[in-house]
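Structure record follows, encoded as structure tokens.
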There are 2 protein chains.
Amino acid sequence: MPEEPRWLTECEREAWLALASLIFKLPGALDAQLLRDHNLTLFDYFVLSGLSMAPGRSLRLSTLAGQINSSLSRLSNVVKRLEQRGLLRREPDPENPRYNRAVLTEAGWDLVVAAAPGHVAAVRRFVIDGLTEEQVTALREVSCRVTQQVDEAAQPPQ
Amino acid sequence: MPEEPRWLTECEREAWLALASLIFKLPGALDAQLLRDHNLTLFDYFVLSGLSMAPGRSLRLSTLAGQINSSLSRLSNVVKRLEQRGLLRREPDPENPRYNRAVLTEAGWDLVVAAAPGHVAAVRRFVIDGLTEEQVTALREVSCRVTQQVDEAAQPPQ
DNA sequence: CCGTCAAAGTTCAAGCTTGAAGTAAATGCG
DNA sequence: CGCATTTACTTCAAGCTTGAACTTTGACGG
């Protein structure tokens with residue numbers, strides 16, 4: 001198969017290396033802010049924030065996993081820890097008791113409300129505020145395209 | 001301080017959420033390919049590849065850490081494992097014996113050579129080939145800008 | 001010189017992620 | 001009806017990352 005691999009052009013290589021730097025650095029920076037100020041990882045925040053925006057402040061675990069691009073296994077572990085901290089509860093879905101829902105508690109809601117401003121400020125500082133409007137649009141388009149490619153490659157076992 | 005936080009506009013929010021998806025998914029996809037085919041993580045690959053391109057196929061640990069945006073602690077752990085696998089050696093810098101260099105072994109070089117085509121193909125498939133030339137350029141500019149913002153925020157303890 | 005400081009690495013414990021294997025409930029199928 | 005499969009989750013062990021603490025070696029100031 002690998003006859004003559006298509007290497008990256010200089011321009012492509014630069015773009016990939018820049019993206020790689022971003023991937024190595026940005027999550028750490030956002031984690032650090034949330035950990036310092038609220039003892040939450042970025043992933044924790046996405047879980048709580050996802051619930052806070054859902055009707056009834058609750059979602060089925062697999063729905064939530066899809067929303068935040070997580071494996072069920074990882075989500076299950078994190079939800080267990082957040083439950084131990086009293087930020088959410090797990091309970092069977094009333095409509096179909098075979099499913100489990102995560103439900104945000106009052107404490108969980110309060111924490112999201114308290115954490116959101118600092119988190120959004122960090123996202124602005126690190127990402128948005130350094131970019132022009134066109135760049136923000138380009139970032140959205142590029143990121144969607146890439147995520148789509150990754151999903152497609154994962155899907156077609158068949 | 002948090003009087004009225006500047007929330008994200010719809011457009012900015014979409015861009016950020018798309019980038020967040022990418023950040024959650026792309027590293028896993030690239031890791032998976034390298035792990036499956038060569039038992040390397042993306043981080044391992046960057047270490048070996050960084051060495052392979054350096055003069056003498058060797059670098060000081062702190063230089064390498066800077067190049068691949070890693071903490072020294074993480075790099076030290078990974079280098080220890082790669083050394084145990086015989087892919088590199090640690091030895092004192094001949095020019096200044098107080099520093100340590102990582103030196104790629106023959107086996108390490110062979111592994112990089114073997115792994116590179118598949119890795120580049122994955123980068124193409126997931127990232128580059130789905131984008132127009134303009135988007136590749138935009139990706140580079142945006143990523144550089146974001147990394148720069150993160151670095152600046154980390155620096156100015158002073 | 002001597003003491004203090006900083007830089008370069010290493011180590012360790014705590015915690016997180018991962019994939020594989022397990023459970024339990026429903027759904028299809030023969 | 002009952003057997004096999006699928007879906008939704010949970011658990012566990014193995015491995016990885018992290019930050020803090022530690023060591024060692026030079027650099028600098030007085």
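Residue numbering restarts at 1 for every chain, and letters A, B, ... go by the order of the sequence lines. Values below: all heavy atoms of this structure, side chains included; hydrogens, waters and symmetry mates excluded.
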Which of parallel (below 30°), tilted (30 to 60°) and perpendicular (above 60°) describes A:Y45 and A:H119? tilted
So for B:R98 and D:dT24, does any side-chain atom that can act as donor or acceptor lie under 3.5 Å from a complementary atom in the base? no
Spacing between A:F24 atom CZ and D:dC16 atom C1', to the nearest angstrom: 13 Å
Do B:S76 and C:dG9 share a donor-acceptor pair, side chain to base, under 3.5 Å? no
Between D:dC12 and A:N77, is there an OP1 or OP2 to side-chain N/O distance shorter than 4.0 Å? no
Interatomic spacing from CZ in B:F126 to CG in B:L30 - rounded to 0.5 Å: 6.0 Å
For A:A32 and for A:R101, locate the closest nucleotide of DNA chain D by heavy-atom distance; then report the residue assigned to the nucleotide nearer the 5' terminus. A:R101
Separation between CG (A:N69) and CD1 (B:I23), nearest 0.5 Å, reads 11.0 Å
More 5' along DNA chain C: B:R60 or A:S73, using each one's nearest nucleotide? B:R60
Under a 4.0 Å threshold between the charged nitrogen and the carboxylate oxygen, would B:K80 count as salt-bridged to B:E83? no
B:R36 CZ to C:dG19 C1', straight-line distance once rounded to whole Å: 15 Å
Length of the line joining A:L35:CG and C:dA14:P, which is rounded to integer Å: 18 Å
Verify the contact: side-chain N or O of A:R90 to OP1 or OP2 of D:dA8, cut-off strictly under 4.0 Å; return yes or no. no
Is any side-chain nitrogen or oxygen of A:R74 closer than 4.0 Å to OP1 or OP2 of C:dC16? no
Looking for any heavy atom pair under 4.0 Å, which part of the strands does B:L72 touch: base, sugar-phosphate only, or nothing? base
When rounded to whole Å, the CG to P distance for the pair B:L64 and C:dA8 reads 14 Å
Integer-rounded Å distance: C:dT17 P and A:L42 CG: 11 Å
